[in-house]
> 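Before I ask anything, here is the structure I am working with.
A, B, ... follow the sequence lines: proteins, then strands. Residue 1 opens every chain. Reckoned from all heavy atoms, side chains included, excluding hydrogens, waters and symmetry mates. The shown structure was predicted, so the numbers you read here are calculated from the model rather than taken from an experiment.
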Amino acid sequence: MPELPEVETVARYLREMVIGKRVVGVEILDERFAELEERHELVGRRVEQVGRRGKYLSLVLDDGWVLQIHLMMAGRLLVRPEGWEEDRFLRLLMRVEDGLELRFCDMRRFGRVGLMDAAEYRAFGRRLGPEPLSGGFTAVRLRQVMKGRKTALKSALLNQKLIAGIGNIYADEALWRGRLHPLRTAGGLSAGEAQRLHRGIRKALREGLAAGGTTFSQYRNAEGGAGEYQRELRVFQRTGEKCFRCRGVIERIVVGGRSTHFCPRCQPESDESARSDRSGRSR
DNA sequence: CAATCAACCTGGGTGC
DNA sequence: TGCACCCAGGTTGATT
């Protein structure tokens, strides 16, 4: 669940609450994060910006160092007043000025927290694909990053080096919107299909963001609240239910080890829609 | 380099 | 109620 819309929702609240505030204390409650203390001193630093790149959150400090957090599947980053109730999954606590606590909680202990300097942060950014909601991400660019890829379209959408921020939910939702079968070859999209997928990606992500993200079980925003987008999902976890577009029956298959939901009727494996795209455009 | 898959952890749900 | 087993939103390192 923490995919782009969920992580961005968290980032927006953090921007409201902690920018400009100084770190006054840090408590590490998970030995996996023990090396943070040796790497760089956080106490005394001011939070200058809160960034998001793909599914990564970053707190940019006033000395150029960056505290980076990945929620993975079950992580939460909560802003709470000092002395808020106990949380058995609390892994890292950062106190900031004005009596606030930034709590990183993670039931499954998959999440990651790291410290990097400015150069490392730039290098990290270069390893990820384009931001799908940015102006530079066009249908042409999408087709470019997919070019030559033999893997399934669904798998390619999950590859963060190709596009940053899409996860299992929004990949399925984007493919449904683009009327593309998840097992289509990533490199085999026509220009028209790439256009459809591009729109599908942006639409799914924007709607998800507008709804405050998707909550199935673990995801919470930085205020501790659930998202609402699970109510609007078109295919994800709707196996056996009717397609809202064509009344076909939603199927579940496994692609690259990930559960994948689609409508076999309006997301055909064969490529008739590509042909009609082309004929529709020919002049 | 590209593609695939097991591994990382823990809790919740299901079926017996 | 107890227990074995399966499943889960992501990333990455090993392997082919």
> Between dC9(B) and dA14(C), how far apart are the P atoms? Round to whole Å, please.
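About 15 Å, rounded to a whole number of Å.
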> Quick one: K154(A) NZ to dG10(C) C1', roughly how many Å, whole number?
12 Å
> Would you kindly give the CZ-to-C1' distance between R109(A) and dT11(C), to the nearest whole Å?
17 Å
> Could you state the interatomic distance from OG (S259(A)) to NZ (K154(A)), rounded to the nearest 0.5 Å?
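Rounded to the nearest 0.5 Å, the OG-NZ separation comes out at 6.0 Å.
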> Please determine if a side-chain N or O atom of R258(A) lies less than 4.0 Å away from the OP1 or OP2 oxygen of dG10(C).
yes
> Atom CZ of R234(A) and atom NE2 of H261(A): how far apart are they, to the nearest 0.5 Å?
15.5 Å
> Using both distances under 3.5 Å as the test, list the Watson-Crick or G-U wobble partner of dT11(C), or none.
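Answer to the pairing question: dA7(B), which forms a Watson-Crick or G-U pair with dT11(C).
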> Does Q160(A) reach the main-chain N or O of I166(A) with its side chain, forming a donor-acceptor pair under 3.5 Å?
yes
> Which whole-number value in Å describes the distance from Q218(A) CD to dC7(C) P?
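About 19 Å, once rounded to whole Å.
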> Atom CD in E48(A), atom CG in D63(A): separation rounded to 0.5 Å?
9.0 Å
> Expressed as a whole number of angstroms, how long is the span from I69(A):CD1 to dT11(C):P?
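Value for this atom pair: 15 Å.
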> Measure from OH on Y56(A) to C1' on dG9(C) and round the result to the nearest Å.
15 Å
> What distance separates K203(A) NZ from L205(A) CG, expressed to the nearest 0.5 Å?
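Nearest 0.5 Å value for the NZ-CG distance: 12.5 Å.
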> Would you kindly give the CG-to-C1' distance between N159(A) and dG10(C), to the nearest whole Å?
12 Å
> Atom CG of D172(A) and atom C1' of dG10(C): how far apart are they, to the nearest Å?
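Between C1' of dG10(C) and CG of D172(A): 15 Å.
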> Going 5' to 3' along DNA chain B, between which two nucleotides do contacts with chain A fall, using a heavy-atom cut-off of 4.0 Å?
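The contact span of chain A on DNA chain B goes from dA2(B) to dG11(B).
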> Using 30° and 60° as the class limits, which term best fits the ring planes of H40(A) and W65(A): parallel, tilted or perpendicular?
parallel
> By nearest nucleotide on DNA chain C, pick out whichever of M107(A) and L158(A) is the more 5' one.
M107(A)
> Taking atom P in both dA6(B) and dC6(C), compute the distance separating them and give it to the nearest angstrom.
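It comes out at 14 Å once rounded to the nearest Å.
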> If you look at every strand shown and take non-hydrogen atoms under 4.0 Å, does R252(A) touch a base, only sugar-phosphate, or nothing?
sugar-phosphate
> Under 4.0 Å between any heavy atoms, over every strand shown, what does G257(A) touch: base, sugar-phosphate, or nothing? Just pick one.
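The answer is nothing, as G257(A) stays clear of every strand by at least 4.0 Å.
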> Taking the six-membered ring for Trp, are F137(A) and H198(A) closer than 6.0 Å centroid to centroid?
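They qualify: ring centres under 6.0 Å apart.
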> Over 60° means perpendicular and under 30° means parallel, so tell me whether F236(A) and F216(A) are parallel, tilted or perpendicular.
tilted
> Pick base, sugar-phosphate or nothing for R88(A), based on heavy-atom distances below 4.0 Å to the nucleic acid.
sugar-phosphate
> Q160(A) or S259(A): which one's nearest nucleotide on DNA chain C is closer to the 5' end?
S259(A)
> Under 4.0 Å, heavy atoms only, any strand: does Y229(A) hit a base, just the sugar-phosphate, or nothing?
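Nothing, no nucleic acid heavy atom in range.
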> Report the distance from atom CG of L157(A) to atom P of dG10(C), rounded to the nearest whole Å.
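The answer, rounded to whole Å, is 12 Å.
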> dG10(C), OP1 or OP2 - any side-chain N/O from H70(A) closer than 4.0 Å?
no
